[in-house]
Number of protein chains: 2
Amino acid sequence: MSGTHTHVPSVLAADLPMPVPASEHEACPVTDVLRRVGDKWTVLVIVLLGQRRHRFNELHRAVDGISQRMLTRTLRTLEQDGLVEREVHPTTPPSVEYGLTRLGATLLQPLSALADWAVTHHDEISAARGRAGGS
Amino acid sequence: MSGTHTHVPSVLAADLPMPVPASEHEACPVTDVLRRVGDKWTVLVIVLLGQRRHRFNELHRAVDGISQRMLTRTLRTLEQDGLVEREVHPTTPPSVEYGLTRLGATLLQPLSALADWAVTHHDEISAARGRAGGS
DNA sequence: CCGAATCCAGCGTGATACTG
DNA sequence: CAGTATCACGCTGGATTCGG
C-alpha cells in the first residue's frame, strides 16, 4: 500500500492506447465479462451454484421471478463460457444437475469484492441519487 | 482458508432467502452496481478518469467510438451516483472537467479484481466457447 | 466547447404455449 | 422434469440535428 493515494496494481492501471481503439474495446475481455455478469440473472445463478449444485427446477424455484426461458438461456451461456457444468441423469423423469466448474468457482472471489463494495457503499450512492433529484 | 473447498468470505456467501424474492433481487445493490458497470462505456470512462481528470472532448477523443450522446449520458449517470464530479470553468468557450470522486476512486479496486480475473481467464473462456461450437 | 432533443435500430427480457 | 418456440415490449445505444 502507498498511503492515502489510491493506487491500484491492475490491468486497469496499465497505460491505455490513446485513443482507445473501438475494436479493442469491443473485443476487450474485461468488457466482455462485465457485460456478462451485468445481465439480469447471471450473478444470482452463479452464487446459488457456488453454494451447492442445483437441479433445474430447484434453481427455478430458488430464483423466484425468473422465467424458464431466461433460466435456460443464462445456464446455457454460462455453460458455453465454461463457468457452469451440466450433468444429465438419464432417469424418468429426467433430472439435470448444474454446478460451477473450477473456472466458475474462481470467479466468486473477484465477484465478491465488487458485491461487497456495492453493499458497503450502497447508502452513499442512494444519497447521491437523492441529491440528484430523482428516485 | 479451508483447503480445497472454495469458500469466499463475502456478502455473496451469506445465506440467501429461499426463494430469493423478486423484489429483493430488483432492488439489490449488487445487481444495481453490476448492471451499471456492465453497460458499454462506464468502466472505460471510470478507468480513464482514475488516471487523471479529463475534459469532455478529451474523453471524447480518448474513447474513440463513443458518441457525444453516450458520453454525456454515461457521465451524467456516474455523476448522479456520486462516482464522478463535474467542474465547470466559466470561460469562453466553456470548459468542463470531470474527475472521480473519492467514492468513485474506491470502486477501482474491486473493479480491478474482476478485470484481472477477466484477463487471466480470458483464454479459458475462449477455449470453452470454441468447444461450444460458435464464435 | 459542451451539451440537449429527436428519431430509430437492435437486443435483452418476459409471457405464453408446446414438447420429449 | 427440463426444456423449446413464438411473439411482444421496453430499454440501451447510435446518428443526426439544434442550441447556449
Side-chain angles (χ1 to χ4, degrees), chain A residues 22-23 25-26 28 31-45 48-49 53-81 84-99 132-135, chain B residues 22-23 25-26 28 31-45 48-49 53-81 84-99 134-135:
Chain A
S23 56
H25 179 241
E26 299 289 340
C28 176
T31 300
D32 189 65
V33 169
L34 285 173
R35 291 188 76 97
R36 198 71 90 193
V37 300
D39 69 1
K40 193 164 185 179
W41 306 104
T42 292
V43 169
L44 187 48
V45 168
L48 286 170
L49 294 181
R53 299 169 65 80
H54 283 71
R55 294 185 47 178
F56 183 86
N57 271 358
E58 209 172 4
L59 283 172
H60 195 197
R61 284 187 297 270
V63 181
D64 178 68
I66 194 172
S67 62
Q68 277 196 344
R69 169 185 160 84
M70 285 314 297
L71 179 54
T72 300
R73 278 176 58 94
T74 301
L75 288 168
R76 285 285 177 277
T77 301
L78 287 171
E79 189 189 1
Q80 287 169 15
D81 286 358
V84 160
E85 62 183 356
R86 179 172 180 266
E87 185 181 3
V88 181
H89 304 282
T91 59
T92 52
S95 84
V96 181
E97 271 198 349
Y98 291 92
S135 140
Chain B
S23 56
H25 180 240
E26 299 289 339
C28 176
T31 300
D32 189 66
V33 168
L34 285 173
R35 292 189 74 96
R36 197 71 87 194
V37 300
D39 69 2
K40 192 165 186 179
W41 306 106
T42 293
V43 169
L44 186 49
V45 168
L48 287 170
L49 294 182
R53 299 170 64 82
H54 283 72
R55 294 187 45 181
F56 183 86
N57 271 358
E58 210 173 3
L59 284 172
H60 196 197
R61 283 186 299 270
V63 181
D64 179 67
I66 195 173
S67 62
Q68 277 196 342
R69 168 186 160 83
M70 287 314 296
L71 180 53
T72 301
R73 276 174 57 96
T74 301
L75 289 168
R76 284 288 177 278
T77 301
L78 287 171
E79 189 190 1
Q80 287 168 14
D81 286 357
V84 160
E85 62 183 355
R86 180 172 179 265
E87 185 181 4
V88 181
H89 303 281
T91 59
T92 52
S95 83
V96 181
E97 271 198 348
Y98 292 92
S135 145

Phosphate contact (C:dG3 OP1 or OP2) by B:Y98 side-chain N/O below 4.0 Å: yes
Rounded to whole angstrom units, what separation is found between the CZ atom of B:F56 and the P atom of D:dG20? 18 Å
Given D:dA2, C:dA15, C:dG3, the nucleotide with the shortest approach to the side chain of B:R86: C:dG3
State the CZ-CZ distance between A:R76 and A:R73, to the nearest 0.5 angstrom. 11.5 Å
Where the side chain of B:P94 is concerned, which of C:dG14, D:dG13, D:dG20 is the nearest nucleotide? D:dG20
Could you give the CD-to-C1' distance, from A:E26 to C:dG10, as a whole number of Å? 14 Å
N/O donor-acceptor pair, side chain B:R69 with base C:dT6, under 3.5 angstrom: yes
Nearest-Å distance, CD (B:Q68) to C1' (C:dA5)? 13 Å
To the nearest 0.5 Å, atom CG of B:L75 lies from atom CZ of B:F56 at 6.5 Å
Atom pair distance, as rounded to whole Å: NE2 in B:H89 and P in C:dC2: 10 Å
Could you please name the option among C:dC1, D:dA2, C:dA15 that lies closest to any side-chain atom of B:R55? C:dC1
So, does A:R73 get its side chain near the phosphate of D:dG3, meaning an N or O under 4.0 Å from OP1 or OP2? no
Reference residue A:Y98; test side-chain hydrogen bond (donor to acceptor under 3.5 Å, both in side chains); the match among A:E85, A:H54, A:R86: A:R86
Is the phosphate of D:dG3, meaning OP1 or OP2, less than 4.0 Å from a side-chain N or O of A:R76? yes
Taking for A:I66 and for B:L75 the nucleotide of DNA chain C with the nearest heavy atom, the one nearer the 5' end belongs to B:L75
Spatial distance of atom CG (B:D81) from atom CZ (B:R36) [nearest 0.5 Å]: 4.5 Å
Can you give each donor-acceptor pair under 3.5 Å made by side-chain atoms of residues 60-71 of chain B, sequence neighbours left out, with the distance rounded to 0.1 Å?
{"unit_1": "B:H60", "atom_1": "NE2", "unit_2": "B:I66", "atom_2": "O", "d": "3.1"}
{"unit_1": "B:D64", "atom_1": "OD2", "unit_2": "A:A22", "atom_2": "N", "d": "3.3"}
{"unit_1": "B:S67", "atom_1": "OG", "unit_2": "B:M70", "atom_2": "N", "d": "3.2"}

Tell me, which of residues 31-42 of chain B have any heavy atom that sits under 4.0 Å from an atom in DNA chain D? B:D39, B:K40, B:W41
Between B:M70 and A:E58, whichever has its closest DNA chain D nucleotide further toward 5' is A:E58
Derivation and outcome, side chain to side chain contact (heavy atoms under 4.5 Å, CB included), residues B:R53 and B:E87: CA-CA 10 Å; B:R53 299 170 64 82; B:E87 185 181 4; 2.6 Å; yes
Look up atom CG in A:L44 and atom CG in A:L59, then write down how far apart they are to the nearest 0.5 Å. 9.0 Å
What is the distance, rounded to the nearest whole Å, between atom CD of A:E79 and atom C1' of D:dG3? 13 Å
